[in-house]
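I have placed the structure first, in the form of structure tokens, so that the comments after it can refer back to it.
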Amino acid sequence: MKKTLARNIAFVSAVFVLVFSIMLITNYFSVKSSDLLKTEVFESLKLLNDENSDNPELKEQIRKLDLLARKAYFVSFGRFKAGVYILIGMSLVLMLSLRVFYAEVKNIPDKEIDPIDDWTIKTSARKYVHWIGGGLIAVTLVFAFLTSPMLKSFSAEKTGQPALADSQNASDSNGAEQSADPGDGATGEAGTDLEGENPLDAATDSVAGEDGAAPEVEVSKVTHNNFRGNGAYGISSAQNIPTSWNLTAGTNILWKVPNPRQGNNSPVISGNNIFLSGADNDDRELFCYELSSGKLRWKLSAKGISGSPSSMPQVSNDAGYASSTVATNGKQVCAIFATGDLICADMDGKLLWGKNLGVPDNHYGFASSLLSYGNTLYVQYDNQPRKVFAFDMATGAERWNKTRNEKYSAWSSPIMINVNNTPQLILVGNPGVTAYNPSNGEQIWRVECMSGEPTPSPAYANGMIVVATEYSTMSAINATDGSILWQNAEILPEISSPVATKDFVFMATSYGVVASFNPQTGAMIKDMELGPNFHASPIIVEGKIYLFGDNGKVYIFSATPEFNLINSFDTNEVTYASPAFTDNKIVIRSANSIYCVEAKS
């Protein structure tokens, strides 16, 4: 009876594995050969749209159909993972049932083998079946892996679209003042290890005159110290921000200089200083420019750091060696590179300290941006081993480090928030979102809600953290206890980080769609397809959302749930990095240049 049952289970599971393997292999070639936007149907729709450009109802119908097709295309990837798990599970069932079936014939008495012995022939046939079946399963797993979203670099090369440049661009985004929205910023006491400093006080110590800039230059107290701003979550308190400019005509352009070295990281601003980094096979450098003039004040090489690798690591072309945005507190400025080299300088460009954290080991390169808070520098290092570090910015002394309980690499950047007058350091990984005490690194709470390859950084508003990444879900988390408030998987960003207020959550995708969501329920309020891909992150400033497309087109929306378009125009310069804001000015880094936009007085 036992042997018969095992035989029947083995037969059923073998048929299932065979059919499922063929389906997965067929699916691989189907996905590989399909190009959503080059089918006859879509080409016909494009022509129809061109012929009826003044028909808004037709445009809306085509837009919805196009968005639906895009969403279906990306969602299909998520099913591959489930298919692989099912195949592996049924393969295990097959092997277990075969083991039970043959358990009684393990020790067969020796006998002289007749070349035409029927028993020998059947035994050989069974071996061939096992080998062929095992080979088919192995081939299927290979094809399933090739179709998985993990190999984005493969699809990026075929489509010409950046795969992790987004992560750089996300890392390149610089955010806004923590004091812009009471309760949303990290303006509370940092604790004994952080010397009780208010990070905004520490951030505004350095002014023109002390660091070599002209004493008569008046600088704003509004700083932009980190990736996406002081709290690193995309809200700025800057005022009198221009809503139009023209690089060709020079309208509202204060200055423009060439990009000094390759790097998609974003600029940061403190006083009259702009900081950014760049790297290639020849060198890794930290740069300082004058905000008032665009003059290069100094540059500092990261060569000669103890423990630095003798040769540059392999990274994707889109990521490069300087994806991570630098961080400053107005007294020191720090930069990190894909080699694992971390350096920190004073405001005059003197190297204070440098160390190597170990060469990041992942298939893209390192992209998580640094975060400064008071006199402490935080580094999310989700490589092997996955850790988070806290360093004294003046001396480089390690204040603490914690091993992170994450299964896979992540390219997201940390943010600092203020919850009930207590700062929290928030990190996104796979699968966890974790809140740490920034003073000592102790875990406050952790919730597992992420998958895929987390690159977007969290948004924060009104006691709620929002995390999202493609091939996962968007999750709203209670910042007090880490409980999940709601989840939504309708539209998800790949690189660009979301931004939030008490009235809405806004995000931009790498396939050209922007959308807003209800912060209480997670329901989508509005979506819009704009055309360009988005790697840069949206920043909210002065009641407006500023967003850059990869092609350099600028979109300025009202900071409302309906995000009405206020203005849009082309800069004609490829732009992956997010802008940095201070009063009257925007600093932008494109692929070719760095320029400052200034509002006319």
Side-chain angles (χ1 to χ4, degrees), residues 34-78 155-156 159-163 165-166 169-170 456 468-471 473-474 488-499 504-518 522-539 544-571 574-576 578:
S34 65
D35 190 334
L36 157 71
L37 297 179
K38 292 185 179 179
T39 61
E40 292 182 4
V41 174
F42 272 90
E43 291 298 332
S44 300
L45 287 175
K46 290 177 185 178
L47 291 174
L48 187 61
N49 182 57
D50 291 340
E51 293 170 0
N52 300 271
S53 58
D54 56 346
N55 188 333
E57 293 182 0
L58 177 62
K59 277 190 174 183
E60 179 64 16
Q61 291 176 359
I62 293 176
R63 187 194 67 79
K64 288 183 177 180
L65 180 61
D66 176 70
L67 178 59
L68 184 64
R70 287 175 185 267
K71 288 165 66 175
Y73 178 79
F74 286 104
V75 167
S76 66
F77 282 109
S155 60
T159 60
Q161 296 175 349
D166 314 328
N169 309 326
T469 192
E470 212 167 37
Y471 315 117
T473 60
M474 173 170 58
N488 186 321
E490 285 184 88
I491 294 177
L492 297 168
E494 184 184 12
I495 302 299
S496 177
S497 301
V499 67
F504 65 90
V505 177
F506 179 88
M507 65 178 57
T509 71
S510 60
Y511 49 92
V513 175
V514 296
S516 66
F517 300 84
N518 186 312
M524 186 167 67
I525 300 171
K526 179 182 178 181
D527 67 313
M528 181 187 301
E529 185 170 6
L530 298 177
N533 298 339
F534 295 100
H535 291 171
S537 297
I539 307 292
K544 305 176 189 70
I545 303 172
Y546 283 72
L547 178 65
F548 281 72
D550 290 0
N551 60 359
K553 188 165 185 177
V554 180
Y555 297 90
I556 303 174
F557 303 99
S558 62
T560 63
E562 295 297 326
F563 61 92
N564 299 311
L565 185 64
I566 296 173
N567 196 11
S568 68
F569 51 91
D570 290 312
T571 64
V574 172
T575 305
Y576 293 148
S578 301

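Small disclaimer: the values here were computed from a predicted structure and weren't measured.
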Does the side chain to side chain contact (heavy atoms under 4.5 Å, CB included) test come out yes or no for Tyr555 and Phe534, once each step is laid out?
CA-CA 11 Å; Tyr555 297 90; Phe534 295 100; 3.9 Å; yes

CZ on Phe548 to OG1 on Thr571, rounded to 0.5 Å:
6.5 Å

Smallest separation among heavy atoms of Val505 and Met474, with atom names
CG1-SD, 4.3 Å

For Glu494 and Thr509, what are the C-alpha separation, side-chain angles and deciding distance, and is it a side chain to side chain contact (heavy atoms under 4.5 Å, CB included)?
CA-CA 6 Å; Glu494 184 184 12; Thr509 71; over 6 Å; no

Would you name the heavy atoms of Leu547 and Pro538 that are closest together and state the gap between them?
CD1-N, 3.9 Å

Do Met524 and Ile491 have side chains that get closer than 4.5 Å, going by heavy atoms?
yes

I need the minimum non-hydrogen distance between Ala523 and Asn488, along with the two atoms involved.
CA-ND2, 4.4 Å

Identify the two heavy atoms, one from Ser537 and one from Ser496, that lie closest to each other, and give their separation to 0.1 Å.
CA-OG, 3.4 Å

Mind checking the OG-CG spacing from Ser558 to Asn564? Nearest 0.5 Å is all I need.
4.0 Å

Where is the tightest heavy-atom contact between Pro561 and Phe504, given as atom of each residue plus distance?
N-CD2, 3.7 Å

Side-chain touch Met507/Val514, heavy atoms, less than 4.5 angstrom:
no

Between Thr575 and Gly552 (side chain of the first, backbone of the second, donor and acceptor by atom type, cut-off under 3.5 Å), is there such a pair?
no

Mind running side chain to side chain contact (heavy atoms under 4.5 Å, CB included) on Tyr576 and Asp550 for me, showing each step along the way?
CA-CA 6 Å; Tyr576 293 148; Asp550 290 0; 3.6 Å; yes

Sequence neighbours left out, what passes ring pair (Phe, Tyr, Trp, His ring centres under 6.0 Å) with Phe557? Give chain and number order.
Phe506, Phe563

Rounded to the nearest 0.5 Å, how far does CD1 of Ile566 lie from NZ of Lys544?
5.5 Å

Measure the spacing between OG of Ser516 and CG of Asp527 and express it to the nearest 0.5 Å.
8.5 Å

Starting at CD1 of Ile556, measure out to OG of Ser568 and round the result to the nearest 0.5 Å.
8.5 Å

Determine yes or no for a side-chain-to-main-chain donor-acceptor pair under 3.5 angstrom, with Ser510 supplying the side chain and Asn533 the backbone.
no

I need the Tyr511 OH to Leu530 CG distance, nearest 0.5 Å.
12.5 Å

Scanning both residues in full, the closest heavy-atom pair of Leu492 with Ala468 reads CD2-CB, 4.2 Å

